[in-house]
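Owing to the predicted nature of the structure, the values given are computational and were not obtained by experimental measurement. Counting from 1, the numbers follow the sequence of the chain as shown.
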Amino acid sequence: MDRGQHPPGWAWQWLSSHPATLHQLECSGAISVHCSLYLLGSSDSSASASRVAETTAPRARKYKCGLPQPCPEEHLAFRVVSGAANVIGPKICLEDKMLMSSVKDNVGRGLNIALVNGVSGELIEARAFDMWAGDVNDLLKFIRPLHEGTLVFVASYDDPATKMNEETRKLFSELGSRNAKELAFRDSWVFVGAKGVQNKSPFEQHVKNSKHTNKYEGWPEALEMEGCIPRRSTAS
């Protein structure tokens, strides 16, 4: 299968002026991907008028994948959301196209990975790998043969690490991950890397599973990351 082969010698250039952002997802003790917080005023007419004005005011414009501002030309807008505990599945959005989600029915427990052509931004393949009861060799066969320039989007769900072995962690590290070597049982993890990257990716967030800090019983909070990735030039 052609997984987005590109000419060799590509030095990955991350866009430092548009770093990824992290949102820890929590709303009144309930797990939620989209939460809104507002305060109700008194019951007098001025408070009522204020609430009416608030509800009729135009909403802030959202751009591709819900980003608060547009990406520069020749950049790909993305949003990656990890699973929330073992209840809400992860999401991977690129250029306003949902690559993986529960609605698309292509996510699952473990690591949810979308491979993308770094030139065109087109999806190459998306799969979920069960890292609790699955076979790690299935994951290795998926990420070993990647061609230089392939973008790799990863979102954890439930448990991303039990089946991880040394080779798996090494391959993710070579894609630009700082945290793959320490990823553990039920950690939350979102990551965007690339085959051929020469530096560590700025697009990564990791929260450890700890009974002392977990937001939900048995799991840490979910993670949400968004940003802009420069397209790979067709020139070598």
Residue that, paired with Trp219, satisfies side chain to side chain donor-acceptor pair (under 3.5 Å) out of Asn86, Asp158, Asn209: Asp158
Has Glu204 got a side-chain atom pairing as donor or acceptor with Arg178's backbone, closer than 3.5 angstrom? yes
ILVMFWY network linking Leu183 to Ile113, side-chain heavy atoms under 4.5 angstrom: yes
All heavy atoms of Pro220 vs all of Ser188, minimum pair found to be CG-OG, 3.5 Å
Summary of ring-ring contact (aromatic ring centres under 6.0 Å, His included) pairs that have at least one residue in residues 165-184, sequence neighbours excluded: Phe172-Trp189
Could you give the distance from CD (Glu166) to NZ (Lys181), rounded to the nearest 0.5 Å? 9.0 Å
Side chain to side chain donor-acceptor pair (under 3.5 Å) partners of Lys163, counting only residues at least two apart: none
Is there side-chain contact between Arg144 and Leu171, with at least one heavy-atom pair below 4.5 Å? yes
Donor-acceptor contact below 3.5 Å, side chain Lys62 vs main chain Pro68: no
Quick test of your reading of the model: are Arg232 and Glu148 salt-bridged, counting only N-O distances below 4.0 Å? no
Main-chain N/O of Asp159 paired with Arg186 side-chain donor or acceptor, under 3.5 Å: no
With a 4.5 Å heavy-atom cut-off, do Val192 and Met225 have their side chains touching? yes
Can Leu76 be reached from Val190 by stepping across I, L, V, M, F, W or Y side chains whose heavy atoms are under 4.5 Å apart? yes
Do Leu175 and Leu146 pass the side-chain contact (heavy atoms from CB on, under 4.5 Å) test, and can you show the C-alpha distance, the side-chain angles, and the key distance before you say yes or no? CA-CA 10 Å; Leu175 292 172; Leu146 298 183; 4.3 Å; yes
NZ of Lys141 to CZ of Phe129: how many Å apart, nearest 0.5 Å? 11.0 Å
Minimal non-hydrogen separation, Ser156 against Pro90, with atom names: O-CB, 4.0 Å
Report whether Val116 and Val107 are members of the same hydrophobic cluster (ILVMFWY, side-chain heavy atoms less than 4.5 Å apart, transitive linking). yes
To the nearest 0.5 Å, tell me how far Arg231 CZ sits from Asn117 CG. 9.0 Å
Nearest heavy-atom pair of Ala77 and Lys64: which atoms, and what distance? CB-CB, 3.8 Å
CD/Glu122 to CG/Leu151 distance, rounded to the nearest 0.5 angstrom? 12.0 Å
According to a hydrophobic-cluster definition based on side-chain heavy atoms being under 4.5 Å apart (Ile, Leu, Val, Met, Phe, Trp, Tyr only), do Leu115 and Phe191 belong together? yes
With Glu182, which residues qualify under side chain to side chain donor-acceptor pair (under 3.5 Å), at least two apart? none
Are the side chains of Phe153 and Ile229 in contact, using a 4.5 Å heavy-atom criterion? yes
How far does NZ of Lys97 sit from CG of Leu123, to the nearest 0.5 angstrom? 9.0 Å
Is the shortest heavy-atom distance from the side chain of Leu67 to the side chain of Cys228 under 4.5 Å? yes
Would you mind listing every side chain to side chain donor-acceptor pair (under 3.5 Å) that reaches into residues 98-112, with sequence neighbours excluded? Arg109-Asp130
Evaluate the side-chain proximity of Asn165 to Thr168: yes if any heavy-atom separation is below 4.5 Å, no if none is. yes
Measuring from atom CG of Leu111 to atom OG of Ser82, what distance do you get when rounded to the nearest 0.5 angstrom? 11.5 Å
Compare every heavy atom of Met100 with every heavy atom of Ala114, then report the nearest pair and how far apart it is. N-SD, 4.1 Å
Would you find a donor on one side and an acceptor on the other, under 3.5 Å apart, between the side chain of Ser201 and the backbone of Gly193? no
In short, Ala126 meets Leu99 closest at the heavy-atom pair CB-O, 4.4 Å
Would you mind reporting whether Met131 and Met164 have side-chain heavy atoms less than 4.5 Å apart? yes
Please give the remaining members of the hydrophobic cluster of Tyr157, linking ILVMFWY side chains under 4.5 Å, ordered by chain and number. none
Are any of the side-chain heavy atoms of Val103 and Met98 separated by less than 4.5 Å? no
Qualifying residues under ring-ring contact (aromatic ring centres under 6.0 Å, His included), relative to Phe185, sequence neighbours excluded: Trp132
